[in-house]
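Remember, it's 1-based here, ligands and their atoms both numbered in the order they're listed. Predicted model, so just to flag it, every value in this text is computed and none were measured.
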Amino acid sequence: MRNPWIIFFPCIFLLCNSFTNSTPLFPKEALPTKSGYLPVNPATGSAIFYTFYESQEPISSISETPLLIWLQGGPGCSSSLGNFYELGPWRVSENQNSKEIKLEQNPAPWNRLFGLLFLDNPIGVGFSIASNPDEIPKDEHAVGEQLFSAIKAFINLDPSFKTRPIYITGESYGGKYVPAIGYYILNKNPYLPISEQVKLAGIAIGNGLTDPITQVGTHALNAYFSGLINEKQKTKLEELQSEAIRLTMMENWNESTLARTRVLKTLQNMTGLATLYNFNRQIPYKTDLVEKFLNQKGIKTVLGVNESMVYEECSEVVGTALHEDVMKSSKFMVEYLVKNSKVLLYQGQFDLRDGVVSTESWVKKMKWEGIEKFLEAERKVWNVKGKLAGYVQKWGNLSNVVVMGAGHLVPADQELNSQIMVEDWVLDRGLFLKNAKVFKAML
Ligand SMILES: *[C@@H]1O[C@H](CO)[C@@H](O)[C@H](O)[C@H]1NC(C)=O
Ligand SMILES: *[C@@H]1O[C@H](CO)[C@@H](O)[C@H](O)[C@H]1NC(C)=O
Ligand SMILES: *[C@@H]1O[C@H](CO)[C@@H](O)[C@H](O)[C@H]1NC(C)=O
Ligand SMILES: *[C@@H]1O[C@H](CO)[C@@H](O)[C@H](O)[C@H]1NC(C)=O
């Protein structure tokens, strides 16, 4: 029998590095089906970076299999965070001892039944290219316009994409991007021949910022009733909130954004939490692993990106370009979308930024003929495999889901339940069935 030390010793001293380097950091089976660039301005070269994963187990012919598009928040954060940390088929994981970052298979990715497309939005974010900083959007209309070009370019990559129903999904600041592109599509389609239209079927927003003027007013009460601040702190926070609301009403977009930041910073300071994104976490989300992973040698090349690019999880340049957009509302876009497509709102329960109360506060103000009925609809208990998974409230085209045991990054905290949620919503199954009474998800 060979002495195992012969194998281990050299590794301890010298050769470990060469062993890890020879480990394929990006196994072949983890590669996206397609990735690269979608032009948004061919004249200048500005382009949106994408990764696309085909459905693993489609239940219909590919030309009918839904396509989900995912948009990260920020403003300025890359959808590769969603891909490699939340809902993609392969996610980063750090070896506690060697600190090596590898990809591990996600047991419940969102591309099980559907095609899944991640877009680094807008240009300037992640691997996307802003040839000229002036081309970076400063408002949601420009965001919609660029995304529309990118989505059209994507659809043109493969004839089967043309007929597939499209669902736009996203998180956080995606609460503004997702309605913006949905709204843009609905307004653009009537001017296009049917074969050229984007087949928008629905939008989904996770822990979204959609109507900031309403949402910024909810932090104090939410934290107070969660036992995180006392009455004196609540009063102080309410003063800061009122200032943010006042500045927003005056359309002082720059100052109102700063005022909102002060609210969140004060809440962070008062509570001393590891992160406002999830008050139940002892350590913040480790999205920096994605940044470390993507900047390792050789990874960019396999994704179709120039090795000279430096990947940042969030772009400050883009964040600054959209600074005056932050407090502007996308609520009117959701009101239009709910009349013309399905709308899913979902929130992880532990989020203190754009959580359950924050979302409900603007939803109940929606100008939509179904809103009374929606607010009257029963909030159903949602179980998965006999365990409480959350709550679902639905009427007509609007669904709202609370995901238990999750914070701001729902698929990172509850991968399986988030997968079941999105699958059932797209396919009108389970609690998303019309008049569904009781449903226990079956696997
Ligand atoms: C926004 O306000 C900050 C702080 O008052 C200021 O430094 C900055 O120049 C302003 N930006 C714009 C675009 O007005
Ligand atoms: C909150 O801010 C105060 C004053 O700046 C500081 O002394 C204190 O350490 C902060 N608390 C936390 C939990 O960060
Ligand atoms: C990569 O980027 C560098 C620096 O911008 C450029 O010189 C080079 O031509 C690019 N390589 C490719 C293959 O496009
Ligand atoms: C719901 O959306 C569909 C399109 O998916 C639309 O035809 C219908 O009118 C909408 N329903 C309501 C009540 O707005």
Side-chain angles (χ1 to χ4, degrees), residues 35-39 41-42 44-50 60 64-69 114 120 123-133 135 163-169 178-179 181-190 192 194 197-205 294-312 315 317 331-345 363-377 392-401 422-429 431-436:
S35 65
Y37 286 96
L38 304 165
N41 187 348
T44 63
S46 288
I48 281 188
F49 173 74
Y50 78 97
S60 49
E64 290 165 10
T65 298
L67 283 175
L68 307 191
I69 297 176
F114 317 125
D120 270 351
I123 58 166
V125 164
F127 287 134
S128 287
I129 296 167
S131 297
N132 176 347
E135 286 180 63
T163 48
R164 298 171 70 166
I166 289 183
Y167 293 81
I168 317 272
T169 68
V178 169
I181 176 58
Y183 188 76
Y184 194 93
I185 292 169
L186 290 183
N187 284 304
K188 192 85 181 172
N189 271 348
L192 298 172
I194 287 180
Q197 292 178 357
V198 176
K199 310 265 173 306
L200 180 72
I203 65 158
I205 301 171
L294 292 175
N295 280 321
Q296 293 173 110
K297 198 162 179 294
I299 302 283
K300 290 163 195 159
T301 306
V302 298
L303 290 174
V305 175
N306 190 321
E307 282 287 323
S308 73
M309 273 192 110
V310 177
Y311 177 86
E312 290 180 317
S315 157
V317 174
K331 177 167 145 281
F332 72 98
M333 298 175 179
V334 180
E335 288 161 356
Y336 189 57
L337 281 153
V338 79
K339 291 177 194 140
N340 294 285
S341 67
K342 294 200 289 190
V343 174
L344 168 68
L345 308 172
V363 167
K364 68 182 180 199
K365 288 166 63 177
M366 272 174 74
K367 293 196 179 74
W368 167 49
E369 60 268 23
I371 192 60
E372 295 289 327
K373 292 220 172 66
F374 173 80
L375 294 172
E376 280 301 308
V392 177
Q393 188 167 334
K394 174 177 187 277
W395 190 83
N397 288 340
L398 182 62
S399 301
N400 189 47
V401 176
V422 80
E423 290 180 354
D424 285 352
W425 172 68
V426 166
L427 300 172
D428 296 317
R429 301 188 310 203
L431 288 179
F432 298 98
L433 258 179
K434 275 192 187 131
N435 306 320

Taking atom NZ as the centre, does K188 end up with more than 12 heavy-atom neighbours from other residues, nucleotides or ligands that are less than 6.0 angstrom away? no

For S308, the ligand 3 atoms with a heavy-atom partner under 4.0 Å come out as 1 (C), 2 (O), 3 (C), 4 (C)

*Within a reach of under 6.0 Å around CD of Q296, are more than 12 heavy atoms found that belong to other residues, nucleotides or ligands?*
yes

Can you check whether Y311's main-chain N or O pairs, donor with acceptor, with N295's side chain at less than 3.5 Å?
yes

For G396, is the nearest heavy atom under 4.0 Å from an atom of ligand 4? no

Looking at K342, K373, E369, K339, the heavy atom closest to atom 14 (O) of ligand 4 belongs to K339

Inset, instruction - Apply side chain to side chain contact (heavy atoms under 4.5 Å, CB included) to the pair L431 and K394, showing each step before the final yes or no. - result: CA-CA 8 Å; L431 288 179; K394 174 177 187 277; over 6 Å; no

Query raised in the report: Hey, does the side chain of S46 reach the backbone of N41 with a donor-acceptor pair shorter than 3.5 angstrom?
Result: no

Residue, atom and distance of the protein heavy atom nearest atom 11 (N) of ligand 4 read N397 ND2, 3.0 Å

Ignoring hydrogens, tell whether any protein atom lies closer than 4.0 Å to atom 2 (O) of ligand 3; use the non-hydrogen atoms only.
yes

Of all protein heavy atoms, the one nearest atom 10 (C) of ligand 3 is N306 ND2, 2.4 Å

Quick note on ligand 4: atoms under 4.0 Å from a heavy atom of N340 include exactly 2 (O), 4 (C), 5 (O)

*Is it true that E335 and K339 have a side-chain N and a carboxylate O under 4.0 angstrom from each other?*
no

